[in-house]
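We count ligands from 1, going down the list as the structure has it; atoms in each ligand are counted the same way.
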Amino acid sequence: MTSDGPFEVLDVLYASRLRELIEKYGVTQIYHLAAILSAKGEQHPQQAWDINMRGLFNVLEMARDFNLRLFFPSSIAVFGPTTPRVATPQDTITQPTTVYGISKIAGENWCQYFFLKYGVDVRSVRYPGIIGYQSLPGGGTTDYAVEVFHEAVKGNPYTCFLKADMSLPMLYMDDAIRGTLELMEASPSQIRIRTSYNMAGLSFTPAEVTRAIQQYVPGFTVGYEPDFRQQIAESWPSSIDDSAAREDWGWKPVFDLDYMTRDMLSHLADHYLVKLPGLGR
Ligand code: SER
């Protein structure tokens, strides 16, 4: 038992244990966040497919059997090089080039299938890159946008694995959590889309976030050594049209680049016990 409630470690591939825990705690909702992200998935394709798909099937089946509300995170990785890159529409071409993206677009359709066939109340958003101070990134193409803040606060230079002008859609963690809870609390009649909603916060390039950080950490420098993740990023949108989420359940992000930068730097300065005079602390 933690201060926030009970805590258990569970392998999402272990369906019988999942069932036991649902029964033990009388679970009514599942936020199914376990998955292998885009860059890691390219290194371990079969494992990524197994975890992302079997994990989803296990929770979909539990949601059906126990009448649970289910959250499934999809991703901008469902889009690909044939998708319109600017203000990517809700309904558009989805021909992803990563294992992760293929698993997410298949997952979206399985979610809709379970809704149509069994009435499972499953809800989903296509997250862009999520930026937060709470945890270190793990295996995504958008990870640079978290790493860059850690290095800036630690007083180190940063080497970015994407090109300086690679614009991608991003979302600050506070907005992501609030928006996800709002989606899950909306009345079922508001949820018109049972595949997955486009969800946007802000878009920026590595050069732009570097400049935003330099406002508060003047000596900070970034070098560029693009690797295989640059190619993944190039297949994704640079900005997202999320009007369906705004209209259906009132989605609206709060954080812009400067607000996000100040919040990230101040929390990480506390974490690393560092003074940042540029931030007034
Ligand atoms: N942040 C994710 C990734 O880079 C996108 O969903 O893989």
Side-chain angles (χ1 to χ4, degrees), residues 31-45 47-49 51-53 55-56 71-81 83 85 88 90 92 94-109 111 123-150 158 160-163 166-177 179-180 183 195-206 209 226-242 245 251 253 255 260 264:
Y31 289 74
H32 171 55
L33 302 182
I36 304 285
L37 287 176
S38 59
K40 202 55 159 289
E42 294 311 285
Q43 285 151 355
H44 307 282
Q47 187 194 30
W49 180 256
I51 289 175
N52 294 4
M53 295 317 296
L56 174 61
F71 176 72
F72 170 66
S74 185
S75 164
I76 54 166
V78 299
F79 303 119
T83 308
R85 279 204 80 226
T88 300
Q90 174 68 41
T92 186
T94 45
Q95 294 178 329
T97 53
T98 61
V99 174
Y100 176 66
I102 299 169
S103 76
K104 288 296 180 186
I105 194 66
E108 286 186 10
N109 285 297
C111 287
R123 303 162 182 216
S124 174
V125 292
R126 293 169 176 157
Y127 283 138
I130 305 287
I131 296 157
Y133 57 84
Q134 295 89 341
S135 58
L136 284 167
T141 301
T142 56
D143 289 6
Y144 92 84
V146 180
E147 293 168 0
V148 70
F149 283 100
H150 284 262
Y158 178 64
C160 182
F161 55 77
L162 299 183
K163 290 184 183 167
M166 186 68 246
S167 178
L168 286 172
M170 302 283 184
L171 182 62
Y172 196 49
M173 184 70 86
D174 295 37
D175 276 333
I177 292 173
T180 303
L183 169 69
T195 50
S196 189
Y197 280 96
N198 278 5
M199 187 189 212
L202 63 169
S203 285
F204 57 79
T205 66
V209 73
D227 65 18
F228 72 101
R229 289 169 281 192
Q230 172 66 25
Q231 209 183 343
I232 298 176
E234 280 170 17
S235 76
W236 290 354
S238 61
S239 60
I240 299 285
D241 176 353
D242 60 3
W251 163 241
F255 283 80
M260 178 192 89
M264 279 294 280

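Considering only residues two or more places apart in sequence or on other chains, D143 meets the salt bridge (charged side-chain N to carboxylate O under 4.0 Å, His left out) condition with none of them. Residues that satisfy the ring pair (Phe, Tyr, Trp, His ring centres under 6.0 Å) test with Y133, not counting sequence neighbours, are H267. Looking at residues two or more places apart in sequence or on another chain, you find no ring pair (Phe, Tyr, Trp, His ring centres under 6.0 Å) involving F228.
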As a test of reading the model: which N/O atoms of the protein lie under 3.5 Å from N/O atoms of ligand 1, and at what distance?
unit_1: ligand 1; atom_1: 1 (N); unit_2: T142; atom_2: OG1; d: 2.8
unit_1: ligand 1; atom_1: 4 (O); unit_2: S38; atom_2: OG; d: 3.4
unit_1: ligand 1; atom_1: 4 (O); unit_2: T141; atom_2: N; d: 2.6
unit_1: ligand 1; atom_1: 4 (O); unit_2: T142; atom_2: N; d: 3.2
unit_1: ligand 1; atom_1: 4 (O); unit_2: T142; atom_2: OG1; d: 3.4
unit_1: ligand 1; atom_1: 6 (O); unit_2: S75; atom_2: OG; d: 2.6
unit_1: ligand 1; atom_1: 6 (O); unit_2: Y100; atom_2: OH; d: 3.2
unit_1: ligand 1; atom_1: 7 (O); unit_2: S38; atom_2: N; d: 3.2
unit_1: ligand 1; atom_1: 7 (O); unit_2: S38; atom_2: OG; d: 2.6

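Salt bridge annotation for E42-R229: absent, with no cationic side-chain nitrogen under 4.0 angstrom from a carboxylate oxygen.
Heavy-atom neighbours of Q43 CD from other residues, nucleotides or ligands within 6.0 Å: above the threshold of 12.
Ring geometry for F255 versus Y172: interplanar angle of 30 to 60°, hence tilted.
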